[in-house]
Amino acid sequence: MPHLICPPAGTASTGLGVGLGIPGHAHPLVAPLEWARLAGPGAPVHWAVLDVDGGPGTRPDPHCAEAAGRLRTAGVRVLGHLDLHQGARTFGDLLSEAHRYLDWYRVDGFFLDRCPGERSVLFEVHRIVTALRAFLAPGHIVLGHGTHPYPGYAETADQLVTFSGPWSDYRWSQVAEWTADHPPERFCHLVHGVPRGHLEEALRIARWQGAGTIWFTDRTPRGGDPDPWAAMPGYWDDIISRLGTGVSE
């Protein structure tokens, strides 16, 4: 059994069901089916990250603009990908990329990948998020820590990615106790290498640990496919079906 800490009775929650957060597919020319299916009817997609070329790229890409437009029409938030490099990026560079995302792709928010989680850099991350919110109305900000950060980060963004990694780690993972003070829609789990036979177990772990947004895939970062998020999982239809009906506890 995974090592789980159950949220105490009375923990605040809106009661929203678990939905999908897409950390970024391959370019729409390479993965047209993936982008089309995200905009399909009945897909409970909370948001999808648009990573043109490690960011917004150097010029507008009409294929990415078209894919982003289809998602917005379907009611899916499109988030621009900003890589913080664990705090190594400059404030000016990040804001410049954010402006390009907004001008070229009309994004609804930003996914701050490789976001540091230490208390010592909380002020600087808060400064970046505050500047990004000034561009948005109001927009959606996700901090891609990949692990549990210092609790103060929960007051900075709309969502925190508190797990990003392989199923072999996730199935034995333990949630930080402070997360029980926040509703599930504040947290996201991204897990690769989840076998089809363990999909229901993975969804149950997410619910017990209080993650309102998830992305599970059977893809693994090995061989000629170093990015496990670049393509759809082989059980996409199964995920949609399970999220639509819920998973029994």
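Keep in mind that what you see is a predicted model, and the values were worked out from it rather than measured.
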Contact summary for Ile240 and Ala43, nearest pair of heavy atoms: CD1-CA, 4.1 Å
Side chain to side chain, Leu82 and Leu132, heavy atoms closer than 4.5 Å: yes
Taking all atoms of both residues into account, what is the closest heavy-atom pair of Val194 and Ala202, and its distance? CG1-CB, 4.0 Å
Rounded to the nearest 0.5 Å, what's the gap from CH2 on Trp104 to CZ on Arg59? Could you check? 8.5 Å
Atom SG of Cys115 and atom CD1 of Ile141: how far apart are they, to the nearest 0.5 Å? 11.0 Å
Hey, could you give me the CG/OG distance between Leu122 and Ser120, rounded to the nearest 0.5 Å? 9.0 Å
Is a donor on one side and an acceptor on the other found under 3.5 Å between the side chain of Arg186 and the backbone of Leu160? no
Which heavy atom of Ile239 sits nearest a heavy atom of Pro233, and at what distance? CD1-CG, 4.1 Å
All pairs passing side-chain hydrogen bond (donor to acceptor under 3.5 Å, both in side chains) where residues 26-55 contributes a residue, at least two apart: His27-Asp61, Arg37-Asp237, His46-Thr213, Trp47-Gln159
Filter on salt bridge (charged side-chain N to carboxylate O under 4.0 Å, His left out), then keep only pairs touching residues 78-98, sequence neighbours left out; what's left? Asp83-Arg114, Arg89-Glu97
Would a line drawn from the ring center of Trp229 to the ring center of His192 be shorter than 6.0 Å? yes
In terms of the angle between their ring planes, are Trp178 and Phe187 parallel, tilted or perpendicular, with boundaries placed at 30° and 60°? perpendicular
Is Arg204 salt-bridged to Glu201, cutoff N-O under 4.0 Å? no
Looking only at non-hydrogen atoms, find the nearest pair between Gly144 and Phe111 and report the distance. CA-CZ, 4.0 Å
So, do Leu143 and Leu84 sit near enough that their side-chain heavy atoms are less than 4.5 Å apart? no
Minimum side-chain heavy-atom gap Thr162-Tyr153 below 4.5 Å: no
Can you name the nearest heavy-atom pair linking Pro116 to Gly87, along with the distance? CD-N, 3.8 Å
Treating Ile, Leu, Val, Met, Phe, Trp and Tyr as nodes and any side-chain heavy-atom pair under 4.5 angstrom as an edge, say whether Trp236 and Leu33 lie in one connected cluster. no
Nearest atoms (heavy-atom pairs only) where Trp215 meets Pro23: CD1-CD, 3.4 Å
Residues Arg133 and Asp158 bridged, charged N to O under 4.0 Å: yes
Indicate yes or no: at least one non-hydrogen side-chain atom of Pro226 is less than 4.5 angstrom from one of Pro221. no
Starting at NE2 of His198, measure out to CH2 of Trp167 and round the result to the nearest 0.5 Å. 6.5 Å
